[in-house]
Each structure stands twice: as structure tokens, then as C-alpha cells.
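Each chain gets a letter, A, B and so on, in the order its sequence line appears, and its residues count up from 1.
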There are 2 protein chains.
Amino acid sequence: MSSKEEPAGAVAERQNLGSRSQRKQLTRDALLEAALRLMKEGRGFTGLSLREVTREAGVVPTAFYRHFRDMDELGLALVEECGMTLRRLLRETRRAGVPLFTDMIRRSVLVYKRYVEDNRLQFLFISSERDGGSPVIREAIRREVAHFTNEMAQDLRSLNAFPGLSMATLEMICGLVVNGMLSTAADILDLPPRRPELDQELVEDSVRRLRVIFLGALQWREKPAAAKQPLP
Amino acid sequence: MSSKEEPAGAVAERQNLGSRSQRKQLTRDALLEAALRLMKEGRGFTGLSLREVTREAGVVPTAFYRHFRDMDELGLALVEECGMTLRRLLRETRRAGVPLFTDMIRRSVLVYKRYVEDNRLQFLFISSERDGGSPVIREAIRREVAHFTNEMAQDLRSLNAFPGLSMATLEMICGLVVNGMLSTAADILDLPPRRPELDQELVEDSVRRLRVIFLGALQWREKPAAAKQPLP
DNA sequence: ATTTTCAGTGCACATGTGTTGACTTGCGCA
DNA sequence: TGCGCAAGTCAACACATGTGCACTGAAAAT
């Protein structure tokens, strides 16, 4: 074992081999992952220091500047990465086909829960910084989320799940769903470890909430354009 | 004008007069308000330093410890204060009677928006720290929000707005509503200043979302308790 | 084979931080 | 009237932080 304890193994793979640009990309990723790893359990991204991140990544502080101008820029990169993660979730779900029959909602929720647990750190990041944190990062996350709900709306549309609903209404519904699921993600994240009954309760609650939304969506009637004429 | 520029007038009133405990309470409030004021525009509570807060409050750093053990304790006090604020909102709304006729939702949303704008900093705080930030504060906020939705559910129940819905279901619905309105608060908070058409759009969107939820609630049928007996 | 580029290092500095202990000063109780 | 208590001050500390500058060595370009 080396005399200087290695931080987290992220450096081990970065040691040798690879062309220069490849290695650069490698330490860049190490920085991103270090940031994510550091906010595991508690601290928001805003509370991280540059030095801390480089330390966790196993790199000298000044090396940071070879990759990002400041922490905000690293944050933006994280947003992008997490956006791709979310997008991937949607795409895979889409590909898996949509069993529109009974229990479809519960299945989706279970898939989602699994996905959140598999990508803890990314969801932790977006949950933390969606409302708090630096304005520029918050803005970026909003855009990403909006993009995501937009794609989801188009999916619902092409599935003809809610015929008679305009695209705008579909987006509104999806906004409701996404918002709910993001806050659910936060709940999933600090779920105590070995309590399967709590897990189940959370899932069932989530299912119920989604059911309400979809019930409402089915019942929705588009407004007659304007409130000019008093009675239909 | 004094040679040393006063931070924000919070000190001016604290200068003379009042019994000892009154003055203590006064600087305590100054600290709390200073913290809130500091996260105006951007920075989360976690990113604030003790010294910064005392500086903004017009007090020497060490005076901080006469009131709070550390920043976390100050955060908890803030949560409590904001909880009371929220509770007050609900109580006043309750007292104002509930016009269950048309446009009730829009009226409520407008009241809410006004309220959020009048209490910018408190909502900014809870929005920021609800998901991000220190675990202990987050936990406290969750409890406060849960308490709030619980009260709201009891209100709905005593109003008989949704007969046939169990208390648990009512709480679920209210959770949906509160969650949505909290994220709406975040949207309200960084609404550009002189854009009334954006304001209106946000309101209408919020109204639509609530309408969907209530439509779903009206349509909701309680599950037959358990899946034991096949048919009632 | 020689030169250039550049990711990563080492060192230094000014500044901000949390917390300590000993102090002043005036309110409030005896 | 005087005395203790405690809110607030002052000075000092041991660090941590962001960032500038000169550097090294190996991969890339010539």
C-alpha cells in the first residue's frame, strides 16, 4: 500500500495509458464525480469548495482551472450530465413499450424508483440545486427540466393517451407529473436504508398522486378559448 | 451621516430603549433577518458564513453565540419562523371564508401569489432549503410542511368539499397541492420585475394545475380497503 | 530529433473563516 | 445603594480558501 492514502480510487484508473486528451477527459470526469460524491449526505453543491473537490478527485487545486473557470462552470457541466441521464431514462422507458393496461402506473413508479436509487448522486444534485443555489445553475436546471417535460408531453401525444387534450395542456399535465416525481426523488433519497415497508408506502403514495393527476387529465375539457360569451 | 455606513437600518431601531430581554430579542431578530436578507438573489442558506450574518446584522461575530450555538441552530429558528408565517397564511385564508363558487381557485392563487411576494425572503428560504442544504434543517422543513398540509386537509374535511374521501386521501391531495404551490413559489420568486404578462401566465398555469388536481380528487373512488375479499 | 504544447505540480500570498478567552458596561435584582 | 449577571466588544489564534506564477515532463507537432 502506498504511503499516501488515495482518496477514492478515481485516480487509480487515471494513472497511466491513454492519449493526452483522453487523460484530460478522465480527470475532468474525476472532478465532476468528486463533486457529486461530496454532496452525498447533506451538503448542497453551493457549500462545496474548489479545494475540497480537487482533493477528493486526487488532484492539486490549481489543476482545476485546466478544466473549469470556477465552480459555477463545473455546476453547469453537472447539470448537462444529469440532463443526459434523465433523457436516457425517458428514452429507455419509451423503448420498453408502454403497457397501457392495469398497474402501468405502479410499474412506472417502480422503474423510476429503481432508477433514482441507481443514480443517487445525480438526482441528489438536481434536487438540491433546483430551487436553492446559484441562479445560473438553477436556471440551467429549469431549462433541462422543461426540455424533459416537453419530450414527455410529445410522447404522451404520440401514444394518444389523452386524445382531445391540446399540446399545451399535455405539457401542463407533464409539468405536474415531473414536478411531483422530482420531489418524490428527494423523498426516495433520504429514505432510511433497511425499511422496506417505508419504501412500499412511498411507492403507493406516489402511485396515488399520479392516479389523481391522470384522473384529472382524463376529466379535463379544454376551455372555449376565451371568457367572452357568458354561458355556453 | 455617521462615518461608518450602517448595514441596513436593522441596528437603528435596536440602538436604545427596551428592557434587556427585549433588546436581546431584537438583535436575535436582526440576526435572523440578516440571514434571510443575505440569501436574497442567489445564495443558499448553506453558503452563508457566521461572520457574514453578524456583519449584516451590525454585530460583532462573537455576539452570535449569545443567541445560537451555530448556523444550523439559526436555520432551525428560521424554519420555525417561516412555519408560523405559513400557518398564519392558512388561518387568515380560513377566516376569510371560502367562496366555493366559480373562480375560487383563481382567487386563492392570486391571494397566494400576493402573499409570497409580501414574504419573499421566508419563501426563498424554505424553497432553497427544502431539498438542498443541511439534513437537520431539511428535516425540520419537511415536518413543518407536513404539519401544514395536515391542517389544510382538516380544513377541507370540515368544509365537506370532498365528501366520500377518506382523511388519508385528503392528506394525499393536499400534499399534491402544497408541493405544487411551493414549487410555484419558487417560480414566483424569480419572476422578472416588470412583466405583468408573465405574471398572469404563471397564475393561469397555476390555476390549471390546481384544477386538474381537484378534478382528479372529485373523480377519486376509495379503494375497497384491501385486496382480500374479491368483490363487495 | 527537435521544438512546442499543455495537463498537472509546488509554492506563496492575501483574505475570510469559526472559535477562544479576557474585557466592558449597563440592566435588574438584592 | 451596590453587586452580579450577561449582551456585546476586542484582539488573537489556527486554519481553509481562491488564485497567481514559475515549473516540469511527457505527449504531440514539426
Under 4.0 Å protein heavy-atom contact, by nucleotide of nucleotides 23-30 of chain C - B base, S sugar-phosphate only: ---BBS--
Closest-nucleotide mapping onto DNA chain C: is A/V60 or A/R51 further toward the 5' terminus? I mean the 5' end. A/V60
Taking CD from B/E52 and P from C/dG18, how many angstroms apart are they, rounded to a whole number? 9 Å
Between C1' of D/dA27 and CG of A/L26, the distance in whole Å: 16 Å
Rounded interatomic separation in angstrom, taking CZ from B/R55 and P from D/dG8: 18 Å
Between A/T62 and B/L48, name the one whose nearest nucleotide on DNA chain C is closer to the 5' end. A/T62
Donor-acceptor pair, distance only, cut-off 3.5 Å: does the side chain of B/E139 make one with the backbone of B/V136? no
Quick note, B/Y65 side chain, CB onward, closest among D/dT9, C/dG8, C/dT19 is C/dT19
Which distance, rounded to the nearest 0.5 Å, do you find between the CG of B/L31 and the OG1 of B/T54? 7.5 Å
Would B/M152 and B/T93 count as a side-chain contact (heavy atoms from CB on, under 4.5 Å) here? Give the steps. CA-CA 11 Å; B/M152 183 174 172; B/T93 305; over 6 Å; no
Work out which heavy atom in A/F68 is nearest to a heavy atom in A/E73; give both atom names and the distance. CA-OE2, 3.8 Å
Ionic contact status for B/R37 with B/E56, cut-off 4.0 Å: yes
Treating A/T184 as the side-chain partner and A/G180 as the backbone partner, does any N or O pair qualify as donor plus acceptor under 3.5 Å? yes
Between P of C/dT19 and CG of B/D72, the distance in whole Å: 11 Å
Once you round it to whole Å, what is the distance between P of C/dG16 and CG of B/L38? 15 Å
Provide, to the nearest angstrom, the distance between the CZ atom belonging to B/F64 and the P atom belonging to D/dA7. 14 Å
May I ask you to evaluate whether B/S49 reaches the phosphate of C/dG16, defined as a side-chain N or O under 4.0 Å from OP1 or OP2? no
Whole-Å distance between C/dT20 P and B/L50 CG? 11 Å
Contacts of B/Y115 meeting ring-ring contact (aromatic ring centres under 6.0 Å, His included) (sequence neighbours excluded), chain-then-number -> none
Starting from P on D/dA28, measure out to CD on A/Q22 and report it in whole angstrom. 9 Å
